[in-house]
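Just so you know, these numbers use all the heavy atoms, side chains as well, and skip hydrogens, waters and symmetry mates. Because the structure is predicted, anything quoted here is derived from the model rather than measured. Numbers for residues simply follow the sequence, beginning at 1.
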Amino acid sequence: ANLGIGTLIASGKVGNPDYEKAERHLKLAADAGNMTARHYLAVLMLQGHSKEGDVQAGLRILVASAMKGHQVSIEELAKYYLDPEHKDRVRQMGMRWLVSLGRMGHHRACRELVQRYSKGVDVAPDPFEAIAWLEKGAEAGDVAAQFQLAIQYTLGRLSPLDNARARQWFKKAAQKG
């Protein structure tokens, strides 16, 4: 109940946002072991809405949750560290979190990794790595990735020309819509 109350109060869906009150409810839920509450509490800290914690405290909470496999926390860490305002060294940390998320088959992470490796954003351009992430997303059921992979095998741009594999991925994409 504290998670729901805390998120409602913070969002302003029940009046003006009251971050102090939201933080109290989220802290109770987080202390009871609720990973989602820990995530929202950390986000309040990152956004500067926390009375008790600062950005570093929020990052520590997210890292602890991410180390336990909490995908939303891993996604938040990747987003935070990949912010273009950060220095290269910090963005490399974001890439590590993004790769971790991609390994879990997270569709958006796989798509972003394809883009980054295709264009050389925060990594050296690597078409083979881009195709590997496209394939990972396709295998995880991402219809857009399945279709794009089929196109790549048809055109042979980032991968060798392979009509049999292209048909396989076109068929899988079509079956899902």
**Q** For His25 and Gly4, indicate whether the former's side chain and the latter's backbone hold a donor-acceptor pair under 3.5 Å.
**A** no
**Q** Indicate the atoms forming the closest heavy-atom contact of Ser65 with Arg38, along with that distance.
**A** OG-NE, 3.4 Å
**Q** Would you give the length of the straight line joining atom CD of Glu112 to atom CG of Asp122, rounded to the nearest 0.5 angstrom?
**A** 9.0 Å
**Q** Looking only at atom types and distance, does a side-chain atom of Gln148 sit under 3.5 Å from a main-chain N or O of Leu134, one as donor and one as acceptor?
**A** no
**Q** How close do Leu149 and Ala138 get, counting heavy atoms only, and between which atoms?
**A** CD2-CB, 3.9 Å
**Q** Evaluate Lys27 against Arg24 for side chain to side chain contact (heavy atoms under 4.5 Å, CB included), listing each step before the verdict.
**A** CA-CA 5 Å; Lys27 187 150 179 30; Arg24 280 195 309 269; 5.8 Å; no
**Q** First locate atom CG of Leu113, then atom CG of Asp126, and finally report the distance between them rounded to the nearest 0.5 Å.
**A** 11.5 Å
**Q** Where is the tightest heavy-atom contact between Val143 and Lys176, given as atom of each residue plus distance?
**A** CG2-CB, 3.4 Å
**Q** How close do Gly141 and His107 get, heavy atom to heavy atom, and via which atoms?
**A** C-CE1, 3.7 Å
**Q** Establish whether Leu82 and Val121 are linked, either directly or via other cluster members, by ILVMFWY side-chain heavy-atom contacts under 4.5 Å.
**A** no
**Q** Under the 3.5 angstrom rule, does the side chain of Thr7 hit a backbone N or O of Leu3 as a donor-acceptor pair?
**A** yes
**Q** Taking the side chain as every heavy atom from C-beta outward, state whether His39 and Leu62 have any atom pair closer than 4.5 Å.
**A** yes
**Q** Does CZ in Phe147 sit with more than 12 non-hydrogen atoms of other residues, nucleotides or ligands closer than 6.0 Å?
**A** no
**Q** Taking side chain to side chain donor-acceptor pair (under 3.5 Å) as the criterion, tell me which of Arg167, Arg165, Gln168 meets it with Tyr153.
**A** Arg165
**Q** In sequence, state the C-alpha distance, the side-chain angles, and the governing distance for Arg60 and Val63, and then conclude on side chain to side chain contact (heavy atoms under 4.5 Å, CB included).
**A** CA-CA 5 Å; Arg60 281 191 299 275; Val63 167; 5.8 Å; no
**Q** Could you grab the distance from atom CG of Asp142 to atom NE2 of His106, nearest 0.5 Å is fine?
**A** 10.5 Å
**Q** Would you say Leu26 ends up clustered with Ile61 if hydrophobic residues are merged whenever their side chains have heavy atoms under 4.5 Å apart, either directly or through other cluster members?
**A** yes
**Q** Minimum heavy-atom separation for Gln71 to Leu101, with atom names?
**A** O-CD1, 3.7 Å
**Q** Taking all non-hydrogen atoms of both residues into account, name the closest pair between Asp18 and Ile9 and its distance.
**A** O-CG2, 3.1 Å
**Q** Just so I know, are the side chains of Met104 and Ile74 near enough to count as touching, which here means a heavy-atom distance under 4.5 Å?
**A** yes
**Q** Membership question, hydrophobic clusters at under 4.5 Å side-chain separation (ILVMFWY): are Trp97 and Val123 in the same one?
**A** no
**Q** Could you check Lys136 against Glu139 for salt bridge (Lys or Arg N to Asp or Glu O under 4.0 Å), going step by step and ending with a plain yes or no?
**A** CA-CA 5 Å; Lys136 178 76 173 173; Glu139 289 167 357; 5.8 Å; no
**Q** Please report the interatomic distance CG(Leu98) to SG(Cys110), rounded to the nearest 0.5 Å.
**A** 8.5 Å
**Q** Starting at OG1 of Thr154, measure out to CD of Gln152 and round the result to the nearest 0.5 Å.
**A** 9.0 Å
**Q** Check the surroundings of atom CE in Met67: do more than 12 heavy atoms from other residues, nucleotides or ligands lie under 6.0 Å from it?
**A** no
**Q** Applying the 4.5 Å side-chain criterion to the ILVMFWY set and letting contacts propagate, would Val90 and Leu46 be lumped into a single cluster?
**A** yes
**Q** Rounded at 0.5 Å granularity, tell me how far CZ in Arg91 sits from CD in Glu85.
**A** 10.0 Å
**Q** Are Ile5 and Tyr40 in one and the same hydrophobic cluster, where Ile, Leu, Val, Met, Phe, Trp and Tyr link if side-chain heavy atoms are under 4.5 Å apart?
**A** no
**Q** So do Ile131 and Tyr117 actually touch side chain to side chain, heavy atoms under 4.5 Å?
**A** no
**Q** Once you measure the plane-to-plane angle for His49 and Tyr19, does it fall in the parallel (<30°), tilted (30-60°) or perpendicular (>60°) bin?
**A** parallel
**Q** Does the cation-pi check pass for Lys172 over Trp169, that is, NZ or CZ under 6.0 Å from the six-membered ring centre and within 45° of its axis?
**A** yes
